[in-house]
Enquirer: 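Here you go, one structure.
Counting starts at 1 for both ligands and their atoms, following the listed order.
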Amino acid sequence: MRILLASSEVHPYSKTGGLADMAGALAKALAREGHHVGLVTPLYTGIRERFPGLKHLDRKLSLPLGSRRVQGEVWTLDTMEGLTFYMIEQPDFYLRPSLYQKDGMDYSDNAERFVFLSKAVVDLARHLSWQPDLVHVHDWQVGLVPLFIQHEKRVTGWGNAPRTCLTIHNLSYQGVFPSALYPLTNLPWDYFTPEGVEFYKQFNCLKAGIAYANAITTVSPRYAREITTEEFGCGLDGLLRSRQASITGILNGVDYEEWNTTHNPYIRYPYSSEDFSGKTANKLALQKELDLPVDGAIPLFGSINRLVEQKGVDIQLGALEEMLSGKLQFVLLGAGATPFERGYRNLAQRYPSKVAVRFGYDQALAHRIEAACDFFLMPSRFEPCGLNQMYSLRYGTIPIVRVTGGLDDTVTDVSEDPGTADGIKFMEYSSRALAKSIRKALALYAEPAVLEHYRLNGMAVDFSWDRTAQEYTRLYQRILET
Ligand code: ADP
């Protein structure tokens, strides 16, 4: 099959969260399956310098954006057989210090930036030397693509137009803009209806994808069910229920080439299920690095997050407050909002021998924390898939998760199956419930044989991309047949 993917972030070129991991890994896994794969993404600051293998594509973009035309260039990068990245160069839009925001505020021209990206995807789908059978777009930034394709097919007789698939990585980010910006699409107002892109008089990019894609996926089965409910539907549950037959939940995979404990440039002391001794050495090294008392016997809890409400920051702070009088340490790596940073900083100041916090985005430290910790906290309000709990399992770090979305699909609690238990789950969204789980973790830590049972179970679980890519392939086949 010939598949064109599109995502506003792709690891290792750009990343703010799990979307980037998923897009990069899906592209590779589909190419390994033997498909012909392209992936369209912006050329952000620094990519040209870091990846000198980029080649200029002989196709200039000149796309209408409301009343003006915007020019762009396309660069390609071939990293493996069957996979080409198409990076859209538009310096005014994409050469910025960060992807979507400055000082916690969205860039004021995000509508222009991502309507342009969506148009570039459609231009390539139509004019590349190879014609994709299917265009698979990810999240709101390219949510308009299915609508653009459908519209072009209708008005210009694009006979062999590709079929389309939209993956929702997080329904709470929809790309909603004032209706005055709808003309940026250059589409007729016929689509600006409650069944189309209109959302309470505003213009909603993700909704365009939900309404017009041939198929919709989410990144875990449980989240696919949750988004059709009022509680998790973010105002789109009605539309999603009407499209229920076209929604599939496919659990993300893990890129074990990158997230492993045996061949990993970020992990100083490799370890495996046969020999855990390296894990303790990593723990001692991290305690030293973060100025915590160096003691292998103290249970170490970790958390790596974008600091946003979704991740359960409030109940995490509350639970730690309750538990920190006990014998434990906690480390946090977080990127995001200042008020949340303040909460953690305050905790670290009051418990300097128990809490260490680092702010910013640091891939290497993320690996070191996963490798060093005994337990990993993910008390999310909602979690479309979540990757860190899966990384934790492979790293022999026991995840403590709330029962929601992909967290529920990937972690097994002792109450579900003692034989395969590999984590601790709690249901109620409260500090008290999380604190109770931390107490269970401390009890588990005091029973080395049971602790090892959990660790071995977790390390044996396989979320590799091959299974995920096969599920997408089966879905693509179904889309092409209908
Ligand atoms: P989300 O996409 O909602 O941010 P996921 O769990 O799906 O959550 O993916 C988060 C990804 O981003 C993981 O690879 C995680 O390790 C990484 N990550 C999040 N915050 C940081 C940070 N501050 N530094 C390094 N990596 C981070």
Enquirer: In terms of atom number and element, which parts of ligand 1 are under 4.0 angstrom from non-hydrogen atoms of Gly360?
Expert: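 Close to Gly360: 22 (C), 23 (N), 24 (N).
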
Enquirer: Give the minimum heavy-atom separation between Leu475 and Cys165, together with the two atoms involved.
Expert: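 In this case the closest contact between Leu475 and Cys165 is CD2-SG, 4.2 Å.
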
Enquirer: Does the side chain of Gln174 reach to within under 4.5 Å of the side chain of Gln202, using non-hydrogen atoms?
Expert: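 Not in contact.
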
Enquirer: Which atoms of ligand 1 are found less than 4.0 Å from any heavy atom of Asn388?
Expert: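 Near Asn388, meaning under 4.0 Å from one of its heavy atoms, ligand 1 has 6 (O), 13 (C), 15 (C), 16 (O).
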
Enquirer: With a 4.5 Å heavy-atom cut-off, do Glu383 and Arg402 have their side chains touching?
Expert: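 No, every pair of side-chain atoms sits at 4.5 Å or beyond.
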
Enquirer: Check each atom of ligand 1 against the heavy atoms of Asn305 and keep those under 4.0 Å away; list them by number with element.
Expert: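 Numbered from 1, ligand 1 contributes 20 (N), 23 (N).
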
Enquirer: Please indicate whether any nitrogen or oxygen in Asn170 is less than 3.5 Å from any nitrogen or oxygen in ligand 1.
Expert: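 For ligand 1, there is no N or O atom that lies under 3.5 Å from one belonging to Asn170.
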
Enquirer: What protein heavy atom lies closest to atom 22 (C) of ligand 1? Include the residue and the distance to one decimal.
Expert: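 Residue, atom and distance for the closest contact: Tyr361 CD1, 3.6 Å.
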
Enquirer: Using side chain to side chain donor-acceptor pair (under 3.5 Å) as the criterion, point out the one residue from Thr217, Thr218, Thr248 that pairs with Thr167.
Expert: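 That would be Thr217.
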
Enquirer: With a 6.0 Å cut-off on the ring centroids, do Phe93 and Phe116 count as close?
Expert: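 Distance test on ring centres: under 6.0 Å, yes.
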
Enquirer: Quick one: does Lys311 get a heavy atom under 4.0 Å from ligand 1?
Expert: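 For ligand 1, residue contact (heavy atoms, under 4.0 Å) with Lys311 is present.
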
Enquirer: Are the aromatic rings of Tyr13 and Phe51 close, with centres under 6.0 Å apart?
Expert: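 They qualify: ring centres under 6.0 Å apart.
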
Enquirer: Take every heavy atom of Tyr391, measure it against each atom of ligand 1, and state whether any distance is under 4.0 Å.
Expert: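 Yes; Tyr391 lies near enough to ligand 1 that a heavy-atom distance drops under 4.0 Å.
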
Enquirer: Under 4.0 Å from a heavy atom of Ala335: which atoms of ligand 1 are those, numbered in the order shown and with their elements?
Expert: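 Close to Ala335: 23 (N).
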
Enquirer: For atom 5 (P) of ligand 1, find the nearest protein heavy atom and state the residue, atom name and distance (0.1 Å precision).
Expert: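 The closest heavy atom on the protein side is Leu387 N, 3.7 Å.
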
Enquirer: Any idea which protein heavy atom is nearest atom 4 (O) of ligand 1, and the distance to it?
Expert: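 Checking every protein heavy atom, the shortest distance to atom 4 (O) of ligand 1 gives Arg306 NE, 2.7 Å.
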
Enquirer: Return the residue, atom name and 0.1 Å-rounded distance of the protein heavy atom closest to atom 12 (O) of ligand 1.
Expert: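 Nearest neighbour among protein heavy atoms for atom 12 (O) of ligand 1, to 0.1 Å: Lys15 CE, 3.6 Å.
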
Enquirer: Tell me which part of Asp21 gets within contact of ligand 1: side chain, backbone, both or neither, using heavy atoms under 4.0 Å.
Expert: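 Contact part for Asp21 vs ligand 1: side chain (C-beta onward).
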
Enquirer: Going by distance only, is there an N or O of Asp362 that falls short of 3.5 Å from an N or O of ligand 1?
Expert: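 In this structure, Asp362 places an N or O atom under 3.5 Å from an N or O of ligand 1.
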
Enquirer: May I ask you to check whether over 12 heavy atoms, not counting those of Glu49, lie within 6.0 Å of atom CD?
Expert: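 Above 12, so yes.
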
Enquirer: Between Trp140 and Phe177 (judged by ring centroids, cut-off 6.0 Å), do the two rings come close enough to count as a pair?
Expert: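 Trp140 vs Phe177: aromatic centres under 6.0 Å.
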
Enquirer: For Thr261 and Tyr271, indicate whether the former's side chain and the latter's backbone hold a donor-acceptor pair under 3.5 Å.
Expert: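 Yes; judged by distance alone, with no hydrogens or angles, the pair exists.
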
Enquirer: Please determine whether any non-hydrogen atom of Pro384 lies less than 4.0 Å from an atom of ligand 1.
Expert: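 The answer is no, since Pro384 has no heavy atom less than 4.0 Å from ligand 1.
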
Enquirer: With Tyr391, which of Trp259, Tyr266, Tyr256, Phe376 fulfils ring-ring contact (aromatic ring centres under 6.0 Å, His included)?
Expert: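 Among the candidates, only Trp259 passes.
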
Enquirer: If you take the centroid of each ring, where Trp contributes its six-membered ring, are Tyr476 and His136 closer together than 6.0 Å?
Expert: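 Yes, they do, as the ring centres are separated by less than 6.0 Å.
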
Enquirer: Give a yes/no on ligand 1: does Gln389 have at least one heavy atom closer than 4.0 angstrom to it?
Expert: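 For ligand 1, residue contact (heavy atoms, under 4.0 Å) with Gln389 is absent.
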
Enquirer: Is there a nitrogen or oxygen of Gly18 sitting under 3.5 Å from a nitrogen or oxygen of ligand 1?
Expert: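 By distance alone, the answer is yes.
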
Enquirer: Is there a polar contact, in the sense of an N or O pair closer than 3.5 Å, between Ala366 and ligand 1?
Expert: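 Not met; the criterion fails.
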
Enquirer: Decide whether the shortest distance between a heavy atom of Cys385 and an atom of ligand 1 is less than 4.0 Å.
Expert: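 No; Cys385 lies far enough from ligand 1 that no heavy-atom distance drops under 4.0 Å.
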
Enquirer: Of the side chain and backbone of Thr16, name the one, both, or neither that has a heavy atom under 4.0 Å from an atom of ligand 1.
Expert: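 Thr16 to ligand 1: no contact under 4.0 Å from either part.
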
Enquirer: Is the Phe375-Phe301 ring centre distance short of 6.0 angstrom?
Expert: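 Phe375 vs Phe301: aromatic centres under 6.0 Å.
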
